[in-house]
Amino acid sequence: MSIQRGRQRAEAEMTLTVIPHEPNGYDTTGPGGSNVAKFIDHTPHIAKVQAGSQTQGVDSPTRFETIGSVSRPVLTDGLHIPVSAPCPVAGLPGRGWEYSVDALGPDDDAALLTRRYRVVNAPAKSKATARRLDVVEVEVP
């Protein structure tokens with residue numbers, strides 16, 4: 001199968017509409033003067049959420065990320081976006097790009113609407129059919 005055909009097949013499965021949010025500094029408007037991240041919203045595009053934090057039959061999450069004081073499971077390959085979408089940057093201290101689910105396809109789980117995911121790793125590979133991002137679910141600001 002050609003890479004282009006693989007991308008078309010992968011994107012056919014992406015029926016969510018997500019809004020990418022790129023971190024752009026901090027506001028100090030949180031309770032008690034705590035730092036609250038500012039974001040630049042990018043153009044919405046399609047995506048797919050791959051459920052679960054398990055990988056290859058493992059029954060428990062393989063790793064956790066601490067957000068504030070809460071330890072959250074990493075969804076390995078949890079968010080799939082098109083290769084043509086803006087490439088998010090992961091690994092910024094304490095924060096990274098985030099994606100919020102803005103609209104659903106006809107067969108998507110309604111519970112996904114408005115959920116927000118922070119990128120903790122953006123693996124790259126040659127001949128990719130989709131970007132498969134490692135994410136954690138975060139609270140909606």
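Owing to the predicted nature of the structure, the values given are computational and were not obtained by experimental measurement. Numbers for residues simply follow the sequence, beginning at 1. What you see below is based on every heavy atom in this structure, not just the backbone, and it leaves out hydrogens, waters and symmetry mates.
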same_hphob_cluster(I40, V138) at 4.5 Å side-chain heavy-atom cutoff: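 Looking at the clustering, V138 is in a separate group from I40.
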Just how far is it from atom [atom1] of [X] to atom [atom2] of [Y], taken to the nearest 0.5 Å?
X: M14; Y: L79; atom1: CE; atom2: CG; result: 8.5 Å
X: E22; Y: H42; atom1: CD; atom2: NE2; result: 3.5 Å
X: E11; Y: K48; atom1: CD; atom2: NZ; result: 12.0 Å
X: L16; Y: L104; atom1: CG; atom2: CG; result: 6.0 Å
X: E98; Y: E137; atom1: CD; atom2: CD; result: 11.0 Å
X: R9; Y: S2; atom1: CZ; atom2: OG; result: 10.5 Å

Could you tell me which non-hydrogen atom of [X] sits nearest to which non-hydrogen atom of [Y], and how far apart they are?
X: L112; Y: Y117; result: CD2-OH, 3.6 Å
X: A47; Y: I81; result: CB-CG2, 4.0 Å
X: W97; Y: C87; result: CZ2-O, 4.3 Å
X: R131; Y: P88; result: CD-CD, 4.5 Å
X: P20; Y: P44; result: CD-CA, 4.2 Å
X: A128; Y: V83; result: O-CG2, 3.8 Å

Side chain to side chain donor-acceptor pair (under 3.5 Å) involving D102 - partner list, sequence neighbours excluded: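 If we apply the side chain to side chain donor-acceptor pair (under 3.5 Å) test to D102, skipping adjacent residues, there are no hits.
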Stepwise side chain to side chain contact (heavy atoms under 4.5 Å, CB included) check, V135 with Y99: CA-CA 9 Å; V135 296; Y99 289 82; 5.8 Å; no
Side chain to side chain contact (heavy atoms under 4.5 Å, CB included) evaluation trace for H21 with S100: CA-CA 8 Å; H21 308 281; S100 59; 2.8 Å; yes
Polar contact flag, side-chain donor to acceptor under 3.5 angstrom, H45-T17: no
Under 3.5 Å side-chain donor-acceptor pair for T76 and D134: no
From CA spacing to verdict: side chain to side chain contact (heavy atoms under 4.5 Å, CB included), K127, I3: CA-CA 6 Å; K127 301 181 182 178; I3 294 300; 3.4 Å; yes
Cation-aromatic face contact R116/F39, 6.0 Å, 45 degrees: yes
